[in-house]
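Basis for what follows: all heavy atoms, side chains included, without hydrogens, waters or symmetry-related copies. Per chain, numbering begins at 1; letters A, B, ... match sequence-line order.
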Amino acid sequence: MVRKNAQQPDLYPEYDQLHLPTIDREILAWWDANGIFEKSVSSRPESKRFVFYEGPPSANGMPGIHHVMSRTIKDLFCRFKTLQGYRVERKAGWDTHGLPVELGVEKQLGIRKSDIGVKIPVAEFNRLCREDVMRYTHVWNELTRLMGYWVDMDNPYVTYENAYIESLWALIRMLYDKGLLYEGYTIQPYSPAAGTGLSSHELNQPGCYRNVKDVSAVAMFRIKRDERSQFLFVDNADAVYFLAWTTTPWTLPSNTALAVGKDITYSLVKTYNVYTHQIVYVVLAQELMQRYFTDEGATMPFDEYKKGDKKVPYREVLTCKGAALEGIRYDQLLPYAQPKDGDAFKVVTGDFVTTTDGTGIVHIAPSFGADDFKTAKQHGLGSLTLVDKQGKFTEEVNDPVFPLQGRYVKDAYYTEAEKQAEFETQKRILKEKNIIADLRSFMSVDDLIVLKLKLEGKLFLTEKYEHNYPHCWRTDKPVIYYPLNSWFVRTTAIKDRLIALNKTIRWKPPHTGEGRFGQWLENLVDWNLSRSRFWGTPLPIWKTEDGSEVKCIGSLKELEDEIHKAIRAGLMTGSENYRNEKGEIELHKPYVDAIVLVSAKGQKMYRVPDLIDVWFDSGAMPYAQWHYPITNEDVFRQNFPADFIAEGVDQTRGWFFTLHVLAVALFDSIAFKNVVSNGLLLDKNGNKMSKRLGNVIDPFDTIRNHGADATRWYLIRNSDPWENMKFDINGLQEVVRSFFGTLYNTYSFFALYANIDHWKPASDKLTAKGQLQELDLWIISRLHTLLQEVTEYYDQYEPTRAARAIEKFVDEDLSNWYVRLNRRRFWKGEMSEDKEAAYSTLYECLITVAQLISPIAPFFAEWLYKNLKGPGISVHLSYLRVADTKLINKELEERMELAQRACSLILSLRKKEKIKVRQPLSRALIPVLNERQKNLYRSVEAYIISEVNVKKIEYVDDTSGIIRKKVKPNFKELGKRAGPKMKAIQQALANFTDADIRRFEQQGSYTLQLNGEPFELQPHEVEILTEDIPGWLVATEGGITVALDITLNDELRHEGNAREFVNKVQNLRKDKDFQVLDRIKVSVLKNETFARTLAAHQQYIANEILAREIVLVDQLSDYDEVEMNDEILKVKVERCS
RNA sequence: AGUCUCGUAGCUCAGGUGGUUAGAGCGUUACACUGAUAAUGUAAAGGUCCCCAGUUCGAGUCUGGGCGGGACUACCA
């Protein structure tokens, strides 16, 4: 953008055109050179803080446009609070640990997790992770700068640094001391083939869930006869069974319970076991009977059943609720081993039991299912884990007949050769045992167990079942659920406080806090901290080998002390490899693992090899960013809790949760008072942006091409941040054109005339001076209303409303009404009190708008402010004033709105009649119902007259007798009283004549007869409108009616001609590149009409076009032809020297 | 599968506590304006307010049930 008047630095800068990216560059350079960000913090008092926490991004991926979104939100509230005089420090941070980093490095090296420590030393692997994680730091820094996100990138917290980890250790120690940290085990996805647990992240890799066919079985669990179960033993039945379905028969040896639904209805059914042909009694959910029995079976006589029949007779003997089955015991199905850790082999109730599949009775193997595990815990049930970590049955599964012991529970774990060998074994054994003479194909353990059950009369049904089953994304082998040791934070112990304190947080939007987050808290489980990876914060726990003694280390100093003890005890030499170049203990694997401590009883203690969940890293940032609780107690206290944080909704159960948990667990406090969770950014068609689809918006391109402000403004104004947003570049361009363009034009207009008049504001105080006109008072009133609204919106974290309110003001009020109606005041004549008022009013509006937009559009706001105030002054160091309610005049705003709407109506009439605005008309008519209304119009009459170019406005009221009125119910008022009678009243009012209405108005009430019943209408219960003036050209909208007199006389025609002529000459001046202030001479070839027009309006014409003289001539050369309504004139325009 | 959320014009979005003719901007079409001019204005066309039922004198708005999109959590016999 080239400044046109660069030679005159004391003038307001004027430019050729608006180009936002150029403004970005200039302002960025200026900010950098003058340290504006630093000043915006340091200029605010330490005693008045607004605390913001930056959620650390991971720099091992490239930033996307959605980061611009969340960072715009963060930035704008921080800037706004600065504007209000708060000190807002913003410490940047980097999230550096975690699986994505490791996976990235694995990919680079072409290795797998199992190779780490084998093909590449752990130390080397972690060194690569450390380098890799900061790979795109410079890109992030650049985006941060370019988008105008003010955050202190020079002193970020970095989660892999020793000091940060030390803080984490101290916090873990605090949890440990509070009894909130414990070791336990849970059922986790586990890949025996890879020998490792899998995270949910890994399980959600594409292709992990596959449809596979497995053997399913409905097993029969024989009920123990006792008082509880007595009612099931009818007809002298000696064997009654529960039916339970499973798709993983290999878990049946580990069964320790059955679960039923409390409110589900179960049936006791008499039928045949189709394999043994014995009559049996079985229990299953009534709803699911049709799955196993055909209708004919219900009536089929029992003695007609023959071996192999498709139809099986059955009878429903009795029904009961699941609750009645609770506590009933049964014989262990496959008694290879006995649980030692609790009760077993009984029926419990569970919410998770449904009747969509199976039998409505769920087989519970606590070691191999999350629900099972939970149920077992709730009911104090014992467990059996008859599978080892390699995925093989343990030695305990020692079947006298079938080869199960030591066999893989999933045949996919066998190699082909192994499988073949196993097949031979099976064939031999089954032949020896006289079960299958000549086995044809390999049998999985599922097959074998099903066969065993069949032979033992414990199988009701088996079939192939296709379902979705997770597979290990590295080995392609099925995953099993398996109990693994982990360290947990006992979040369930503080659940009530988590919920109670959450209610004191303001969530934007509220439903994220109450719903998504609240729900999550209600269903809280303990937080599994353990991760069995390499690059992360090590768990600071050392244990003796027998597990009897545990130490949780809370600081480096404590660790040093413990090492000294260990050295004295001779367990360490001190020369082990656990220090980095600086001589500090390196708090990463494998270094910390080289440290062996000594227990109180003199035992060796080794570190538990686990790392902790990376979310602990980020959730601990309120403390660890200051190296608290090791040091900086005071800094921490000043900055806790945060006033404001913001991230995407995907962080609800991530960062927001861990922040909350740690604050509540450690300090019984919230970590943040206000949180904005923004939605997703989708492409313009509503699809997720992905590299694969090629619909990713590059934030750098967007900012480079359209400017940071346009991007920010668009993101904020388009929809509430918490909605998912469709990003459309066309919408962004529209923002540039309509908002920034309009504001720029308004400024250009101001600068153009203020420079001509050499106008400067008298003082810094933003108060209009001079002789204020009604329009000035009006725009000032609107400005203060805006100030009030926008301040409130920002304070309530409603940025979209703020942006839209500003847009509306700039476009509709300032540009399209105030400036448009006032143009003349700016360019007419010499400086005057009136002109002074106009300048200072417009100036004040622009200054305030610059401030109000500065949080969202920091660059353009700065540019505008500096243009108005001078090159050295920053809007971001300014203070936003509080709206002055004394300057707000609602009645004036209402009047002006009336004028705007009346103008719009009259213009639409002119339009309809094709009469241009330049043609004056004699009068407009406005019907008024009362004095008040008339006075309202009167006060803005002048604007209407000049805007629509009529000579006068006449008001017609009742007395004129020419307006037609209409009455309709005021539904809101009348509805309260009339209720069901509304319809009838509406009907009655529609039939009112003018006379009825007049009588109503005169008497102040009206009694209707509704079906013979009187109903007295009050004036406030109806609306009386003028609708028509018969015989006139009328327009009506929203209760306003106007009529226009379109008859023309000569006088009006000549005036119209004069204006038309002026307009054409002005165009000629422009075509000829005359300066605004150049004087001209106009020669016109003789023309009758024009001669008369000139005679009547010479003064006016000359004034308008700055003509020294206007002459009619007989001959003219070198002329221009102009159209003056119906006449074509030959005109010569010359500049006077 | 559960939880949350969204569904209004071709597109992007407004529509406190229910009030009868549902709005704006963009886009389209037509026209106008012209000392802010690569700006601006006016108007027209464009809607089963996702569907169904209910509450009510009256439902885009409240209730219930569906359908569809999205997010998160889970993956279960």
Side-chain angles (χ1 to χ4, degrees), chain A residues 17 189 200 203 209 216 218 244-248 251 258-259 352-354 356-365 369-372 467-470 481 509 511-512 514-520 522-523 648-650 652-653 679-680 682 684 686 688 717-720 722-726 728 730-731 733-734 737-738 741-742 744-750 752-753 800-801 804 807-808 811 815-816 819-820 823-824 826-827 904 907-908 910-912 914 916-918 968-976 978-986 1038 1062-1063 1066-1067 1069-1070 1076 1104-1106:
Chain A
Q17 58 175 343
S200 58
L203 221 53
Y209 278 88
S216 76
V218 175
W245 179 64
T246 179
T247 54
T248 50
T251 60
L258 294 173
F352 55 90
V353 180
T354 64
T356 49
D357 270 321
T359 62
I361 301 175
V362 178
H363 143 61
I364 300 290
D371 271 342
D372 307 45
H467 61 159
N468 228 2
Y469 199 85
Y481 287 80
H511 60 76
T512 300
E514 291 157 18
R516 181 179 288 200
F517 195 68
Q519 247 353 283
W520 169 255
E522 294 287 345
N523 301 316
V649 269
D650 50 331
T652 306
R653 278 143 186 185
L680 251 68
L682 308 167
K684 64 175 180 179
K688 216 168 171 172
R717 73 83 58 202
N718 189 61
S719 59
D720 285 325
W722 36 88
E723 302 285 354
N724 288 343
M725 177 174 161
K726 294 175 190 165
D728 185 358
N730 293 319
Q733 284 164 342
E734 186 188 319
R737 207 169 51 234
S738 68
T742 303
Y744 166 80
N745 274 324
T746 307
Y747 165 76
S748 303
F749 174 87
F750 165 82
L752 177 66
Y753 294 108
T800 306
R801 285 168 189 258
R804 287 176 179 173
E807 278 184 10
K808 193 167 174 319
D811 184 43
S815 172
N816 274 318
V819 172
R820 202 152 61 91
R823 271 177 295 191
R824 254 190 127 66
F826 290 94
W827 56 264
S904 157
L907 289 172
S908 76
R910 295 188 81 111
K911 166 101 199 165
K912 206 177 279 169
K914 297 201 190 297
K916 46 180 78 166
V917 178
R918 267 198 300 275
K968 67 178 211 181
N970 178 340
F971 285 95
K972 205 163 184 171
E973 286 296 316
L974 189 56
K976 287 187 229 158
K981 296 175 191 153
M982 286 295 284
K983 281 256 161 67
I985 295 171
Q986 188 176 9
V1062 166
N1063 169 240
Q1066 300 289 28
N1067 285 344
R1069 288 181 59 118
K1070 243 169 110 171
V1076 170
E1104 290 294 312
I1105 61 175
L1106 299 183

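Nucleic acid contact for A:Asp372: none, since no nucleic acid atom lies under 4.0 Å from a heavy atom of the residue. Within the 4.0 angstrom heavy-atom criterion, only backbone atoms of the sugar-phosphate kind lie near A:Arg804; the bases stay farther away. Among the protein residues, A:Ser748 comes within range of no part of the nucleic acid, since none of its heavy atoms lies under 4.0 Å from any strand.
Under the 30°/60° scheme for interplanar angles, the aromatic rings of A:Phe749 and A:Phe826 are found to stand perpendicular.
For the C1' atoms, the distance linking B:A45 with B:A39 amounts to 26 Å, nearest Å. Separating the P atom of B:C50 from that of B:G7 is a span of 8 Å, rounded to the nearest Å. As rounded to the nearest Å, B:C49 and B:A43 have P atoms that lie 25 Å from one another. Across the P atoms, B:C62 and B:G18 are found 9 Å apart, a figure rounded to whole Å.
To the nearest 0.5 Å, atoms CG (A:Asn718) and OG1 (A:Thr800) are separated by 8.5 Å. In this structure, the separation between CE on A:Met725 and CG on A:Asp720 is 11.5 Å, given to the nearest 0.5 Å.
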Protein within reach of the bases, or only the backbone? For nucleotides 22-33 of chain B, mark each nucleotide 5' to 3' as B, S or -, using heavy atoms under 4.0 Å. ---SSS---B-S
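For the pairing with A:Ile361, the side-chain contact (heavy atoms from CB on, under 4.5 Å) check across A:Leu258, A:Val218, A:Val353 returns one residue only, A:Leu258.
With sequence neighbours left out, the ring pair (Phe, Tyr, Trp, His ring centres under 6.0 Å) criterion links A:Trp520 to A:Phe657. Residues meeting the salt bridge (Lys or Arg N to Asp or Glu O under 4.0 Å) test with A:Glu807, sequence neighbours left out: A:Arg717. Residues forming a ring pair (Phe, Tyr, Trp, His ring centres under 6.0 Å) with A:Phe517 (at least two apart in sequence, or on another chain): A:Trp507, A:His660.
The base of B:A36 is paired with the side chain of A:Ser815 by a donor and an acceptor separated by under 3.5 Å.
In this structure, B:G68 and B:C6 make a Watson-Crick or G-U wobble pair, each of the two defining distances being under 3.5 angstrom. As the counterpart of B:A32, B:U40 is assigned, both hydrogen-bonding distances of the Watson-Crick or G-U wobble pattern falling under 3.5 Å. Partner assigned to B:U63 is B:A53, using Watson-Crick or G-U wobble distances below 3.5 angstrom.
Taking the side chain of A:Asn745 as heavy atoms from C-beta on, and the options B:C13, B:A39, B:G15, the nearest nucleotide is B:A39.
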Check nucleotides 5-7 of chain B against the protein and report each pair of N or O atoms closer than 3.5 Å, with its distance, or say if there are none.
none

Any protein N or O atoms within reach of nucleotides 44-47 of chain B? Criterion: under 3.5 Å, listing atom names and distances.
none

